[in-house]
Amino acid sequence: MPLFETVKDMGHEQVLFCHGKNPPIKAIIAIHNTSLGPAMGATRLYPYVSEEDALTDVLRLSRGMTYKAACANIPMGGGKAVIIAHPQQKTPELLKAYAGFINNLNGQFITGQDINLTPEDVRVIREQTKYVVGGEEKSGGPAPITALGVFLGIKAAVQAHWQSRELQGLKVAIQGLGNVGKNVCRYLHEHKIKLYVSDVDPAKTAEMQQLFNATVVSNQEIYSQDVDIFAPCALGGIINQQTIPQLKAKIIAGAANNQLADEKTHSQMLTEKGITYCPDYVINAGGLINVYNEMIGYEDTKVMQQVHQIYDTLLTIFDIAKRKNITTNEAAQQLAEYRIINTKKKPNYQ
């Protein structure tokens, strides 16, 4: 990967490589854009196959956070961080060492929990830096709010694709049953939607089968289910050359980040196949909304109002895509960039 060229092309302001020996730590912090305010983005601890894979992930995720904040009208910039490690290697000492890197940025980057980090880990990080959110688990943590945003996004996509508000009787395939995926299942089941689920953990699929009468399918078969909607709620890169031909769903609406392996190519393929794609950083913005409000002073009514705006934002994106004859991915980027340019920068959070 041509490092400086890639960073320039994606528009990042800073990319920091963090390394320590005692304890051993490798981390990357990517600050994409601070036009609207300090960069905010969670930290992911993951055993990447290669350092290049870690860099690619953090660059795409941090750019997605910029667009996520702009589309959600949250006055923050976009950033993201990854710690390259196995979950078994996570220790308080490693987390505190990582917190030192965050603290050295003096508020340019505010982080929280992502894959393999917990609210307890956030509290450990907070011992060393104040620039972290997500430890108080307001409203039960970010997962229920993120799932609510996904549910509202599904409603918007149904309205746009079929000009209908009726959800009962629809079939949805959900890939990934973590905290967000399980809550998405709950919302859909409450509206009498038939569920098809997959996960690498058999205990999680068994739970959804027991609670919501979900049909369990294999991780390989989830793409080809004869359903109306496909909801990716696991890792990214799963919408690609191999999976798109398998899809029978007419809507993709899920919580996973970086769902498109190649944004330009695969968003165009989906459009040509007549599939309505909900850009991931728009539909999954509930988590950002939750932790941002935790930082400024949590008010349930305000959070709910902001989350419900996801519905209207997606309808705007679908309309832009239709009028301009572009993909929904391009439409979302255009909307985000317009808001970034036309919004005053907010003060630093010290």
Side-chain angles (χ1 to χ4, degrees), residues 42 44-47 86-88 90 112-122 134-155 157-158 167-239 243 246-249 251-259 278 280 283-284 286-287 290-291 307:
R44 172 174 295 188
L45 188 148
Y46 194 75
H86 286 273
Q88 300 92 316
K90 183 177 63 175
Q113 67 179 90
D114 199 340
I115 294 172
N116 293 322
L117 291 187
T118 67
E120 290 74 22
D121 296 328
V122 168
E136 297 178 27
E137 294 193 282
K138 298 291 186 181
S139 296
I145 303 298
T146 303
L148 174 59
V150 172
F151 173 70
L152 293 167
I154 287 173
K155 290 179 67 176
V158 169
L167 299 181
Q168 183 173 338
L170 292 177
K171 295 180 289 184
V172 179
I174 302 174
Q175 179 192 50
L177 301 172
N179 290 332
V180 175
K182 289 194 291 186
N183 278 282
V184 171
C185 286
R186 176 171 59 83
Y187 281 117
L188 296 176
H189 177 73
E190 288 172 354
H191 286 77
K192 297 181 171 55
I193 292 173
K194 174 63 179 173
L195 304 178
Y196 298 77
V197 299
S198 72
D199 193 278
V200 294
D201 185 350
K204 292 180 179 179
T205 55
E207 181 183 15
M208 295 300 99
Q209 185 178 44
Q210 180 180 6
L211 290 177
F212 306 131
N213 196 30
T215 299
V216 177
V217 300
S218 72
N219 294 316
Q220 293 73 34
E221 295 172 331
I222 193 69
Y223 302 101
S224 59
Q225 294 302 300
D226 187 12
V227 296
D228 303 291
I229 300 162
F230 174 50
C233 295
L235 292 175
I238 49 83
I239 305 298
T243 59
Q246 301 177 50
L247 293 172
K248 296 183 176 69
I251 291 171
I252 297 178
N257 288 308
N258 293 345
Q259 293 171 25
C278 297
D280 46 50
I283 194 172
N284 68 13
N290 191 76
V291 295
V307 172

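Throughout, numbering of the chain's residues begins at 1 and tracks the sequence.
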Do the side chain of [X] and the main chain of [Y] share a donor and acceptor less than 3.5 angstrom apart?
X	Y	answer
K182	M208	no
N183	N179	yes
D199	L177	yes
T146	G287	yes

Check against side-chain contact (heavy atoms from CB on, under 4.5 Å), L167 and K155: CA-CA 8 Å; L167 299 181; K155 290 179 67 176; 3.6 Å; yes
Within-4.5 Å side-chain heavy-atom neighbours: [X] and [Y]:
X	Y	result
L235	I115	yes
N257	N284	yes
L195	L188	yes
I251	V158	yes
F230	I174	no

Residues which pass side-chain hydrogen bond (donor to acceptor under 3.5 Å, both in side chains) with T243, listed by chain and number, not counting sequence neighbours: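 Here the qualifying residues are N240.
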Whether H189 and F212 hold their rings parallel, tilted or perpendicular, with breakpoints at 30° and 60°: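 Plane angle between 30° and 60°, so tilted.
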Distance-only donor-acceptor check, side chains Y196 and E221, under 3.5 Å: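 Judged by distance alone, the side chains do not pair up.
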Short side-chain donor-acceptor distance under 3.5 Å, N258 and D280: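 D280 vs N258: no donor-acceptor pair found between side chains.
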Euclidean distance, Q113 CD relative to L45 CG, rounded to 0.5 Å: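 Output value for this atom pair is 12.5 Å.
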Y46 OH: over 12 foreign heavy atoms closer than 6.0 Å: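 At most 12 heavy atoms, drawn from other residues, nucleotides or ligands, come within 6.0 Å of this atom.
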